[in-house]
Every structure is written in C-alpha cells, then in structure tokens.
Amino acid sequence: MADQKQHLYLVDGSSYIFRAYHRLPPLTDPEGTPVGAVYGYTTMLWKLADDLDAAHGPTHLAVILDKDSKSFRNDIYPEYKANRPEPPEDLRPQFPLIRDATRAFSLPCIEEAGLEADDLIASYAREAQRQGWNVTIVSSDKDLMQLIGEVDGARIDMLDTMKSARIYIPEVEEKFGVAPELVGDVLALMGDSVDNIPGIYGVGPKTASKLIAEHGSLTAALDSAEDMKKSKLKERLLEHRDDAEMSRVLVTLKEDCDLPQPLEEMQIEKIPEEPLAAFLEKHGFTSLLKRLGTGSGSPERANNLHPAAAEKAGDAGDVEGNSQPLPDMPKIDRSAYETVQTEDRLKHWAERAISARLVAVDTETSALDAMRAELVGISLALGPNDACYIPLAHGGSDMFDEKPEQVELEKALEILSPMLSDASVTKVFQNGKYDLNVLARYGVEVAPIEDTMILSFDLDAGRGQDGIGGGHGMDELSERHLGHQPLAFKDVCGTGKKAIPFGQVPLDRATEYAAEDADVTWRLYQHLKPRLAIEGGTKVYERVDRPLIPVVAQMEREGIKVDRARLAKLSEEFATETASLEKDIHEIAGQEFAVGSPKQLGEVLFNEMGFKGGKKGKSGQYSTDQSVLENLAKDEEGAPIAKKVLEWRHLSKLKSTYTDALQAQINPDTGRVHTSYSLVGAQTGRLSSTDPNLQNIPIRTAIGRQIREAFVPESGNVLLAADYSQIELRLAAHMADVDTLKEAFANGEDIHSRTATEMFGEVTRDTRARAKTINFAILYGISRWGLAGRLEVEPDEAQDMIDTYFKRFPGIQRYIMETLETVREQGYSETLFGRKTWFPRIKSKNQAERQGSERAAINAPIQGTSADIIKRAMARMLPALEDAGLSDVRMLLQVHDELVFELPEGDVAAASPIIERVMAEAALPAVELDVPLAIDIGTGASWDAAH
DNA sequence: CGGATCACG
DNA sequence: GACGTACGTGATCCGA
C-alpha cells in the first residue's frame, strides 16, 4: 500500500484554452505567433505543478484534449454542436502549441478520435475511483459536475483554476439545486445553446432545477406534466418530451471508454527542467523561465510578452520589456489582512498612513450609484499584504443577529479625515471619482489623489481587441499586470435576487474582499506609475486627466434640475399619439402586430404587404431602419404606413428613452438628475455619460427639443450653454496645416460655405449641404462608397469629389497618410497633448478589420485633441470663476464640445467672458493652435432656450 | 445577451 | 475577385 493516497488530476485542456483566450490580452511571442491562451495554459499547469508536494496535490496528472469536432453524439443527433462558431483566427495556431506546452511539462496528453474530452475524463475518473483513488477534474464545465461525489472513500471533485475554487457536492447543489447524480437530468431539461442540445424549449436552468428537485428524476418530472394544471410549461413538457429524452442521452457521459494510456503511466513527481526551459524560452515566457532556476512559485507576470499591436514595432514593442523591474512582491495573502474594529487600531492605521505618505484606499458601499450609496466600510493598504478593512455599517445577517463590533461611523471619519485631506499623503484609488463622491456626501474631502484606472487608460487605451483584455477595471488590471485574480464582488455578495448587501457579509469574508481591493490597487499603482514617464504618458495624466477627476466628481454631485411635471405631460402626449399611430398602422397592414419588433415589421411590409426594397442582413432579417422606411415613404403605396411607422418610432423612442426614464432618474434626496461620467469610456479620450446618458438628449427635431425644455435652473438662476464652434474641423485645419481652411477660420467664415465655394464654385443650399457632409466624411476617414451612400450619388462621382477635396486642401491627404504611417509604425496614434490610442488591428490581414482601424486612427487624433482641450477648460473653469469672485456659478454638464452651467441671473454678464476665455485658451500654453477657437454662448430658462 | 434601432457630438 | 463601407458613444426593445 502506498503511504499516501493516490490522487489523479485530469485537466480539461480544451475548455480551458477557450476561456484563457477570452480572458487574456492578445500576446504574441518573439516570432509574432499569438500565444495569449498558451501563456494562460502554461501558468495554469505551473500552478498545478506547484502543488505536487501539497497534501491534496496530484500524484498522477494527465491533460485530456478534444481530438476533432465530431463524436458519437453526432450519430445520435447530427445537429450536436452544429452552432459552434469557428474558433477565432488568432486562437487556431495556439491549439498545437497547447500540446507542445503539455509535453514541455513532460505530462501525458490524451486525445482520441470520436470521443470528446468529457468522455475520456469520465472514464479515467471512474477507473481511478474504482481503484480507490481520489480524483480532481480541472475544469469548470458544468457537464462534468455529474461525476462529483464519493464511492467507498474515493472522491471525485473539481477545481476551477480561473476562480481558484474547489467544486464539490455543496457547490453543485448551490448551482443546480440537486445532487450531482441528477445534474444530467437538469441539463437534459434546460438544454444548452452552445452545444446545441435542445432540452425543452422555454425551460431554463431555474425551471429545470425546480422540476428535477421536486420530482427526483427526469422521467418523473416529464410524467408529472399530465397532472399539471393547464399552463405553457405543461404544454411544452408534453410536446417536447422527445427532445428532453434525446438530450438526456446527449448529456450522459460515456464512462466506459477504452483507456488509451494506463493510469500508472500518469504518475508524476517532479517536472524535469528540460524540455520545459526550452519551451519557455522559445515563446518568450521569461519570467517563468527565471522562476524555473530558482524553483519558486508561479509568476507574477510575463514581462517580455509583446502586445500584439506592437509586434515588430521597433522601440514601442519593447516598452514593457524595458520597464523598470518591479520590487519583488509577495503573493497576495488574504489571511494577512486586519479587520479594524477599535478606535485604537484605527488611529494606528491612520498614523501609519501618514508616515507612509502613500496609501491605497477603497470604499465599500450599499449600492453602485455614488449619489445614493451608503458607506459600509473603508479599506486601506500601505504595502503588499499590508492592508486592513474598517467596517462602519455592518449589521448581522438578519435583524436578530448582533451587530459586530465596529468603530462608529462618524468617529471613524473624524479619525481618518485629517489623513485623507493631508496634502502630503497621496491617496491611491481605482476609479477614485466614485469614492470621492461617496466620501464628499459624508463631508470628507480627499486630496491629493492618484487613480490606477486612469493610469491604465492613459497608458493602454485601445490595447484590447473587441473587448478582450482591454478594460481598465480592477479585476482585469489585476489579472493582466499582477497575474492574480481577486475575489469578485459576486463571489462575496452573490448575484441577482440572492444578492446580499455588502453590509451583511460576515466580517472575515468582507475583510478578505475589501482589503484585497486596496492591496491590489496599491500594487497596481507601483506597477503602472513608473510606466508613465517611460512611455510618455506623464503629461496627459498629470495635466489633463488626473486634475479632472475631482472636477467631474463635483459636476456629478451638482446634477441638473428637471421639470418632472413637464416630462410627465410629454410622456402622456407621446403615449396617446403612439397608441393612435399603432391603430392606424394595424389598419393599413390589415393585421395586428408588434410595431416595435423590427422582425415582425419587416415581415409585414415585405412579405405580407409585398413591398419591394426589402433587404436582409446577416441575421436573415429584413432591415427596417430609418433609411429603408424613408425610401418606402417615397413610394405612393408605401408612404402611408412608412410615414406612420417613422413617426411611431420617433415618439416611442423619445418616450421610453427620455420622458419616462428621466423622471425615474430624479434623485429623491436632491430632486435633481445626476449622471455618471466615465473617464475611460471612449478610446479617444472623450468622456461618456451613463445612468442616465445626458450626452444624447434630443436637439435635432422640434418634438425632441421639448425634452430639453424640461432641463431647467433653480429659481433666480439661468442655464448657460457654451460650445466650441466646429472644433474638430478647426483642429483638422491646424493638424493637417491647410492654409485655405485656416484662413477661412481666421476670417470667421462659414466653413461649409467656404468648402462649397472651393469645391463647387458656388454656395447654394445644396452645395453647402454636400460640402458639410464631405467635411465630416474627411474627419471620419473617407471611402468613395460611404460618401456615395450619404450623398446618394454614384461611387465614381463621390471619388471625383474626394479628389477635388484633396486637391483644394492638399494638407489633408498628407495628414491621413502620415497619421496611418505612424500608427502602423508605433501601434498607436497621439493627440496634440500626447494622449495615445492604440490600434492593435491596424495591420490585420482581414481587410474590413484593418480598414476599420484605419478610419478610427484617422479620427482619433482629432476627436482626442478636442477632448483634451475641453477637459483642460473644465479643470481651469471653476478656479478662474472664483478668482473673479464668481463662486455661485455651477458647472453641470459636458457634452463633448459643450459645457452647461447654472448661475444666478445677475452673474451672467460677468461670467460669460470668463467662460469664453477659459474655453478659447484651453490649449495654451502647451499647444499654440494656428486657428482661433470660437465659442458660442447662450443663456435661458431651459437647456433648450440656452441654445 | 446579442442584434437592431436611434438619440447625441 | 470578394470583402463592406464614416468616427465616437449609451439606452431601449425584442427575441432567443
């Protein structure tokens, strides 16, 4: 008998690489091969190998892979997995590398034609269990959860390495509401859209779990349908019984496959250094390579991997590799954190923070909305693993539990405030705007601050692709830069209806989560801040973005007053009008249908009513967008219904998105609407606005403008709107150095008219409108087909116009070529103030993808410079007004080229010239433009009237 | 949760 | 020779 129980680890390699691919940045090795998923896979094996000596660690280990896409399940059901999309282009070359990586670790790698990895895993797991071994399946695939459980003391459990979570019977019961043996029955009912397993149509995980838990088996659940009272569910159970029974077969794992390699051969003791070292070297995983020599644990990060964008891009690509070595930080250790429950300990931490001069801070609250959330606790970090959590409003898990001991909230803030406002103590946040707003509502001012989210944005905007690895949230940053996955909020509080407020999380758990966030923030700061100077991000961070954080925070707290009664009245009018339009539309169509459903509308118009001009898109659905309906409206037969649908759309959009939604957004405490601006929302450096979005309030139609009339000042005040006139075209004139355009702006000419003169020789309504379209087309990166579509001319004619434009304004073409050349060379574009936007796909082999990046790259310096300028104006605005003794002016909103203020009527005359000057001079002294920046200012008793 | 649509600069 | 056509956002609805 072996002295230690045998323990087999079965790694579900195939499912792992898909998850790794989607979660890791698109890294490439020195040869340019994409290796993001391989890197993730390698670190995962590394961690497992690290556990070789551990008590619960593996004695035997094998990786199981899918051989090909077909299996015996396709014989039962040909559509099995038929919906699977092809793997992404830059993942495909990584599949063979996964095998290489496995061999590099000298581990067995098992795959078998006609069998899926799941079946091999099931068969190996059962065989090992029969021999009395323990088994751990390294996967998070829910299908495999069927296997979990114990037979004669031999356990099968699962390990989700991405979440660092063990999965055993309680976790399965939590997820499925039934024991592991019944998981297959639940899966058969609910189906699986990814694998294309039908299940019962209309039955999801909730209903499936409930039915199986109630009846004890699939058959019993299906049989019970007979006795159910009449319902949709009953019908569906009866009608689709066959589907469920076939699904049951599909989800059943084959547990008796022949085992291609005997269990004994999977024994491991120590990973030999070769060929692992050669593999790590070949793919540039040097930080792992270094660890191999020292024999220490898993890596913090791979620091010589190149972002795919910077591939062969000269010095830019080496930036990460050249960055200063990080102080060697110990692994995150959640058990090291302190829960601060007494005044003495709190004072101790405050004193330590003051002498440390740098402290990472994070607040925990009861809600996501900074204007409504209540403070629940604060965490601090002074170094790696040197962190604490200060609970301030934790209650028991229910009203009968006693509250845990904690420092009283006011007292705690009194102790912390001097430190938080101490000019010699830097407070580091992740998205500090949120914490600033929460603390400000408790009367606590915080300065000076640093912000890791903004640091990341200023260094890496645009670096991800299609949402992969490009974000600036804490969890993503931690994984990307620290190689560590922090506890997720939902792991602590749950999600959906079962979610509990943070204040009810037990203190030990709350401390692990909250203090870790401060710890991670502290570490990220150490990592990101040094990169600024090396990579040229200091200016934009220090001069533009960081100063803006408290300014935007204050704007959010100000909010804006809306006239609720007025909105309600509009809602009512829109409701009446849409109802009557809907009736008319049904009458014309000769049938009732959901006007709001593009699918139904398309079928009614182009099938039932037989109108021509129906075009189906990718989804196989008719397009019914504005342009289609406008064309239909030109047709005598089509006009009546098309016009009414257009009108219906217009009104129902205004009602649902604005008049209804804005009323609901009024904050009960302040009576005003508080948007939330994202400082990292747009890759170009613009702000974005959410909850509600106040940057897309209607203005282009008279009906829509009524909504603007509901944005009003407090009595005795007015609203003042100041906007940059044609700022992007002015910047284009400057950046492309176009004399004609610069001269026109210097003379205060109407730029579209001037363009019309240059291009068509005369200014008429028509030529001016065309010129305007062309001017914008230039800013957005032009194509003859795009312009042709907009102007409703032939592509040839559009090309002539583009040629003429380039001839008349010669700098433009040069600007476009030069911009693209530098972006291709260095991987990113830059604004006049040095803000970078990365374009990882600028060299894509996919033409559409590449051209899309090119258009974005042409636009980004212009849109981004404009964003820089208004941000600089915002940061200077209130101090400038205060210097002039105007302390009652409140800055409320920013809409890309416009600022909205609320101020006493009597201050308008004095404030207007100051606002104008600050905006006009915002580029100075860093940048001296060749064109003046003109500002239009208006005031009025509503936002509409101020225009 | 993705697609279609439409509101803004 | 085919591809798919203007940049940047966010909210709502539908339908799976």
Side-chain angles (χ1 to χ4, degrees), chain A residues 83 191 193-194 201-202 204 461-462 467 593-602 617-629 645-646 649-658 660-662 664-665 675-678 680-701 703-705 707-708 723-724 726-728 732 773-791 795 798 802 829 837 845-864 866-867 870 893-898:
Chain A
N83 286 348
S193 59
V194 180
Y201 174 79
F593 68 100
V595 181
S597 162
K599 190 178 166 172
Q600 292 181 32
L601 177 64
K618 266 186 210 156
S619 58
Q621 193 181 316
Y622 288 114
S623 168
T624 63
D625 70 13
Q626 210 164 334
S627 66
V628 171
L629 293 176
V645 172
L646 282 167
R649 286 237 179 108
H650 187 203
L651 296 175
S652 87
K653 174 83 174 180
L654 296 177
K655 177 171 186 294
S656 66
T657 308
Y658 301 104
D660 287 352
L662 280 171
Q665 289 280 358
T675 184
S676 172
Y677 289 103
S678 170
V680 301
Q683 312 290 16
T684 53
R686 273 192 178 177
L687 306 188
S688 70
S689 159
T690 58
D691 305 306
N693 182 352
L694 294 186
Q695 290 182 322
N696 72 346
I697 302 300
I699 193 170
R700 292 173 186 172
T701 67
I703 302 173
R705 274 198 297 276
I707 292 163
R708 280 194 182 227
D723 63 83
Y724 285 103
Q726 306 291 2
I727 187 168
E728 292 197 5
T773 300
I774 297 167
N775 274 329
F776 281 109
I778 294 297
L779 297 181
Y780 298 149
I782 197 168
S783 83
R784 76 184 78 166
W785 297 277
L787 185 61
R790 302 274 160 154
L791 291 179
I802 295 168
S829 70
T837 302
K845 292 198 187 73
N846 178 328
Q847 188 177 217
E849 208 167 64
R850 185 178 64 249
Q851 289 178 337
S853 288
E854 286 174 355
R855 290 192 297 269
I858 291 165
N859 182 246
I862 297 169
Q863 189 182 114
S866 162
I870 195 167
L893 303 177
Q894 189 250 45
V895 192
H896 310 308
D897 65 358
E898 172 185 6

- Item | Per A/Ser688 side chain, nearest of listed nucleotides B/dA7, C/dT9, C/dT12 | C/dT9
- Task: Using the C1' atoms only, state how far C/dG1 lies from B/dC6, rounded to an integer number of Å.
- Result: 36 Å
- Atom-to-atom span, CG of A/Asn775 to P of C/dC7 - whole angstrom: 17 Å
- Is there side-chain contact between A/Ile862 and A/Tyr780, with heavy atoms separated by less than 4.5 Å? no
- Query: A/Tyr658 side chain to A/Asn696 main-chain N or O, any donor-acceptor pair under 3.5 Å?
  - Reply: yes
- Nucleotide C/dG8, atom C1' - distance to CZ of A/Phe776 in whole Å: 13 Å
- Query: How would you label the contact of A/Ala860 with the nucleic acid (heavy atoms, under 4.0 Å): base, sugar-phosphate, or nothing?
  - Reply: nothing
- Message: It should be established whether A/Ser627 places a side-chain nitrogen or oxygen under 4.0 Å from OP1 or OP2 of nucleotide B/dT5.
- Response: no
- Query: To the nearest Å, how far apart are A/Lys655 NZ and B/dC6 C1'?
  - Reply: 17 Å
- Message: Can you say whether a donor on the side chain of A/Arg700 sits under 3.5 Å from an acceptor on the base of B/dG9, or the other way round?
- Response: yes
- Task: Calculate, to the nearest 0.5 Å, the distance between atoms NE2 and CD1 belonging to A/His650 and A/Ile703 respectively.
- Result: 5.5 Å
- How is A/Asn846 classified with respect to the nucleic acid when contacts are heavy atoms under 4.0 Å: base, sugar-phosphate, or nothing? nothing
- Query: OP1, OP2 of B/dC6 versus side-chain N and O of A/Arg649: anything below 4.0 Å?
  - Reply: yes
- Message: For a quick check of understanding: with a heavy-atom distance under 4.0 Å over all strands, which category does A/Ile697 fall into, base, sugar-phosphate or nothing?
- Response: sugar-phosphate
- Query: If you check every side-chain atom of A/Gln683, which of C/dT12, C/dT9, B/dT5 has the closest atom?
  - Reply: C/dT9
- Look at the side chain of A/Ser656 and decide which nucleotide, out of B/dA4, B/dC8, C/dC13, has an atom nearest to it. C/dC13
- Message: Mind checking if A/Ser623 touches a base, just sugar-phosphate, or nothing, with heavy atoms under 4.0 Å?
- Response: sugar-phosphate
- Query: A/Pro698 side chain: which of C/dG8, B/dA7, C/dC14 is closest?
  - Reply: B/dA7
- Rounded to whole Å, CG of A/Asp660 lies from P of B/dA7 at a distance of 16 Å
- Task: List the steps, then state whether side-chain contact (heavy atoms from CB on, under 4.5 Å) holds for A/Arg649 with A/Thr624.
- Result: CA-CA 11 Å; A/Arg649 286 237 179 108; A/Thr624 63; 2.8 Å; yes
- Query: Counting only side-chain N and O atoms of A/Gln600, is one of them less than 4.0 Å from OP1 or OP2 of C/dG15?
  - Reply: yes
- Does the side chain of A/Ile707 reach to within under 4.5 Å of the side chain of A/Leu662, using non-hydrogen atoms? yes
- Task: Please confirm whether the backbone N or O of A/Gln894 pairs with a side-chain atom of A/Tyr677, one donor and one acceptor, at under 3.5 Å?
- Result: yes
- What distance, rounded to whole Å, do you find between the two P atoms, one in B/dG3 and one in C/dG4? 15 Å
- Query: Which heavy atom of A/Thr690 sits nearest a heavy atom of A/Thr675, and at what distance?
  - Reply: O-OG1, 3.1 Å
- Item | Partner nucleotide of B/dC6 by Watson-Crick or wobble geometry (both distances under 3.5 Å) | C/dG10
- Message: Heavy atoms from C-beta onward define the side chain here; which of B/dA7, B/dG9, C/dA11 lies closest to that of A/His650?
- Response: B/dA7
- Message: Does B/dT5 have its OP1 or OP2 closer than 4.0 Å to a side-chain nitrogen or oxygen of A/Thr624?
- Response: yes
- Task: Starting at atom OH of A/Tyr201, determine the distance to atom P of C/dA16, rounded to an integer number of angstrom.
- Result: 6 Å
- From B/dA7, C/dG8, B/dT5, nucleotide with atom closest to A/Ala682 side chain: C/dG8
- Between C/dT5, C/dA2, C/dC13, which nucleotide has the shortest distance from any of its atoms to the side chain of A/Ser783? C/dT5
- Query: Which whole number of Å gives the distance between the P atom of C/dT5 and that of B/dA4?
  - Reply: 12 Å
- Message: Need one value for A/Asn693: base, sugar-phosphate or nothing, where a base atom within 4.0 Å counts as base even if backbone is also close, heavy atoms only.
- Response: sugar-phosphate
- How close or far is atom C1' of C/dT9 from atom CG of A/Asn696, stated in whole angstroms? 8 Å
- Query: Of all the choices, C/dG10, C/dG8, B/dG9, which nucleotide is nearest to the side chain of A/Asp897 once you look at every atom?
  - Reply: B/dG9
- Item | Among C/dA11, C/dT12, C/dG4, the one nearest A/Ala848 by side-chain distance | C/dG4
- Task: In whole angstrom, give the distance that lies between atom CD of A/Gln626 and atom C1' of B/dA4.
- Result: 13 Å
- If you look at every strand shown and take non-hydrogen atoms under 4.0 Å, does A/Ser866 touch a base, only sugar-phosphate, or nothing? nothing
- Message: Taking any heavy-atom pair under 4.0 Å as a contact, classify A/Ser676: base, sugar-phosphate, or nothing.
- Response: nothing
- Message: Could you tell me if the side chain of A/Glu728 sits less than 4.5 Å from the side chain of A/Asp897, heavy atoms only?
- Response: no
- Task: Quickly work out the A/Ile707 CD1 to B/dC6 P distance and round it to whole Å.
- Result: 16 Å
- Item | Under-3.5 Å donor-acceptor pair between A/Glu898 side chain and B/dG9 base | no
- Task: Name the closest nucleotide to the A/Arg855 side chain, picking from C/dT9, B/dT5, C/dC7.
- Result: C/dC7
- Message: Students often get this wrong, so: under 4.0 angstrom with heavy atoms, is A/Ile862 touching a base, only sugar-phosphate, or nothing?
- Response: nothing
- Query: Any side-chain N or O of A/Thr690 under 4.0 Å from OP1/OP2 of C/dG10?
  - Reply: no
- Are A/Lys599 and C/dA16 close enough that a side-chain N or O sits under 4.0 Å from OP1 or OP2? yes
- Message: It should be established whether A/Arg686 places a side-chain nitrogen or oxygen under 4.0 Å from OP1 or OP2 of nucleotide C/dT9.
- Response: no
